[in-house]
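Let me begin by presenting the structure, written as structure tokens, before commenting on it.
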Amino acid sequence: MRNRHLIAIKHLHIDEIFEIFEETKRIKDLTKKGIPFKPLEGKTLGMLFSKSSTRTRISFEVGMYQLGGYPMYLDIKKSLQMRHGESIYDTANVLSRYLNGIMIRTYDHSDAEKLAEYGTIPVINGLTDLFHPCQILTDIYTIIEKFGILGGIRVAFIGDGNNVANSWLFGAAKTGINLNLIIPEGYECKPELLEEAQQIAKNTGSVIQIFNNAAEGVKDADVVYTDVWASMGQEEEAEKRNEIFSKFQVNRALLENASKNYKVMHCLPAHRGVEITDEVMDDMAHSIVFDQAENRMHVQKAILYLLMGEFKL
Ligand code: CP
Ligand code: NVA
């Protein structure tokens with residue numbers, strides 16, 4: 001990897017994305033065969049959280065352990081002195097003296113950028129209000145596993161123009177996936193992000209289109225993807241959003257518009273019966289949500305290895 005950090009997909013060169021995927025395949029195969037691979041022995045990852053997590057925490061923690069390293073969970077709001085106002089600058093400098101890498105999940109994206117800028121060790125973004133790069137890299141890896149190709153694949157993202165949608169913009173633009181964004185008026189991705197992704201897409205052949213009508217946006221999609229309508233930090237808006245987003249639910253009727261062999265993805269956690277129905281989540285002929293969740297660990301092991309490991313096998 002040329003990048004020392006993984007803060008946003010837009011910073012990654014396409015070669016780095018495919019390097020992550022190649023290592024993911026190799027490391028996943030070893031894991032499935034029960035062959036130990038411990039290139040991070042003696043290394044410690046600090047995992048800083050100021051938001052909840054099931055997948056990100058556990059997949060990073062187990063992944064780091066399987067790579068021979070030590071994962072240290074650090075609650076920003078409860079245990080770190082950041083809670084009492086210690087600056088990111090001081091925190092980054094001190095943590096760089098103890099740790100070999102940092103994973104951070106927080107609200108303000110600039111906090112993750114500052115940690116990377118001020119510290120001397122790799123920083124991985126485990127979700128901010130702006131981006132969720134590990135999730136979308138995993139999603140694209142999962143699409144390759146399921147479809148065998150990326151070129152010509154059409155992903156329909158339906159729901160909120162949030163951190164997941166923002167990362168999809170750059171994931172699709174960089175890898176040549178076609179992306180339909182189906183987002184209610186007033187909740188779209190920021191125009192400057194869309195513009196930036198469109199510029200990248202010009203060079204890769206990715207076509208990014210915006211729809212207001214759910215059925216039109218899902219038409220002939222290979223992947224129909226959704227996320228919660230109210231993200232962490234927006235809990236108070238949930239009721240209002242549930243009303244505004246009600247025509248954007250992923251349900252059986254909507255999926256009749258998708259391609260014949262469509263797959264359904266959701267980064268999880270899902271609010272069943274809200275943005276997606278039980279019937280769709282549990283239709284294992286099409287739903288790949290749990291394969292997607294599993295792959296978080298395999299992809300992140302590759303990222304940890306590439307950013308924190310000194311020697312390859
Ligand atoms: N998809 C995802 O990041 O899940 P968690 O919030 O459980 O980590
Ligand atoms: N958009 C969601 C993603 C959760 C993984 C959130 O930020 O809460």
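Counting begins at 1 with the first residue of the sequence. Just follow the structure's listing: the first ligand is 1, and inside any ligand the first atom is 1.
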(message) If you measure every N or O of P269 against every N or O of ligand 1, does any of those distances drop under 3.5 Å?
(response) no
(message) Please list, in number order, the atoms of ligand 1 under 4.0 Å from a heavy atom of C267.
(response) 1 (N)
(message) Checking a contact table here: which protein heavy atom is nearest atom 8 (O) of ligand 2, and how many Å away?
(response) M232 N, 2.8 Å
(request) For the pair F245 and W229, evaluate ring pair (Phe, Tyr, Trp, His ring centres under 6.0 Å) and give the outcome as yes or no after the intermediate values. (result) CA-CA 7 Å; F245 284 65; W229 291 340; 5.6 Å; yes
(message) Under a 3.5 Å distance rule, please check whether R26 uses its side chain to pair with a backbone N or O of A302 as donor and acceptor.
(response) no
(request) Check whether any N or O atom of V228, backbone or side chain, sits under 3.5 Å from an N or O atom of ligand 2, and answer yes or no. (result) no
(message) Other residues, nucleotides and ligands only: do more than 12 of their heavy atoms fall within 6.0 Å of OH on Y187?
(response) yes
(message) Give me the residue, atom name and distance of the protein heavy atom closest to atom 5 (C) of ligand 2.
(response) L268 O, 3.6 Å
(request) Quick one: look up the protein heavy atom nearest atom 4 (O) of ligand 1 and list residue, atom name and how far away it is. (result) R55 NE, 2.8 Å
(message) Cation-pi check for Y73 against R57: NZ or CZ below 6.0 Å from the six-membered ring centre and within 45 degrees of the axis, yes or no?
(response) yes
(request) Establish, yes or no, whether the cationic atom of K114 lies under 6.0 Å from the six-membered ring centre of Y89 and within 45° of the ring axis. (result) no
(request) May I ask you to check whether N163 has an N/O atom sitting below 3.5 Å from an N/O atom of ligand 2? (result) yes
(request) Flag the pair R241 and D160 as a salt bridge only when some basic side-chain nitrogen lies within less than 4.0 angstrom of an acidic carboxylate oxygen. (result) yes
(request) Walk me through it: do D283 and V280 pass the test side-chain contact (heavy atoms from CB on, under 4.5 Å)? (result) CA-CA 5 Å; D283 175 4; V280 167; 5.8 Å; no
(message) Is it true that Q81 and D90 share a donor-acceptor pair across their side chains at a distance under 3.5 Å?
(response) no
(message) Is there a polar contact, in the sense of an N or O pair closer than 3.5 Å, between D227 and ligand 2?
(response) yes
(request) For ligand 1, indicate whether the residue L127 contacts it via side chain, backbone, both or neither (heavy-atom separation under 4.0 Å). (result) neither
(request) Would you mind running through ligand 1 and noting each atom that sits below 4.0 Å from a heavy atom of T54? (result) 5 (P), 7 (O), 8 (O)
(message) Test your reading of the structure: does K51 have an N or O sitting under 3.5 Å from an N or O of ligand 2?
(response) no
(request) Starting from atom 2 (C) of ligand 1, locate the nearest protein heavy atom and write down its residue, its atom name and how far away it is, to 0.1 Å. (result) R296 NH1, 3.3 Å
(request) Identify, by atom number and element, the atoms of ligand 2 in contact range of N162, meaning under 4.0 Å from any of its heavy atoms. (result) 1 (N)
(request) Would you please test F37 and Y305 for ring pair (Phe, Tyr, Trp, His ring centres under 6.0 Å) and show each step? (result) CA-CA 10 Å; F37 177 57; Y305 169 58; 5.2 Å; yes
(request) Could you state whether I136 and V228 fall into the same hydrophobic cluster, counting links through intermediate Ile, Leu, Val, Met, Phe, Trp or Tyr residues with side-chain heavy atoms under 4.5 angstrom apart? (result) no
(request) Record the part of Q135 in heavy-atom contact with ligand 1 below 4.0 Å; permitted values are side chain, backbone, both and neither. (result) side chain
(request) Can you sort out which atoms of ligand 1 are near R105, meaning under 4.0 Å from one of its heavy atoms? (result) 2 (C), 3 (O), 5 (P), 6 (O), 8 (O)
(request) Ignoring angles and geometry beyond distance, decide whether R57 reaches within less than 3.5 Å of ligand 1 through its nitrogen or oxygen atoms. (result) no
(request) Identify, by atom number and element, the atoms of ligand 2 in contact range of L127, meaning under 4.0 Å from any of its heavy atoms. (result) 3 (C), 4 (C), 5 (C), 7 (O)
(message) Could you check whether atom CD of E243 has more than 12 heavy atoms from other residues, nucleotides or ligands sitting under 6.0 Å from it?
(response) no
(message) Between ligand 1 and S53, is the shortest N or O to N or O distance under 3.5 Å?
(response) yes
(message) Can you tell me if K51 contacts ligand 1 (heavy atom of the residue under 4.0 Å from the ligand)?
(response) no
(message) I need the single residue from H266, Q292, H132 that forms a side-chain hydrogen bond (donor to acceptor under 3.5 Å, both in side chains) with D139. Which is it?
(response) Q292
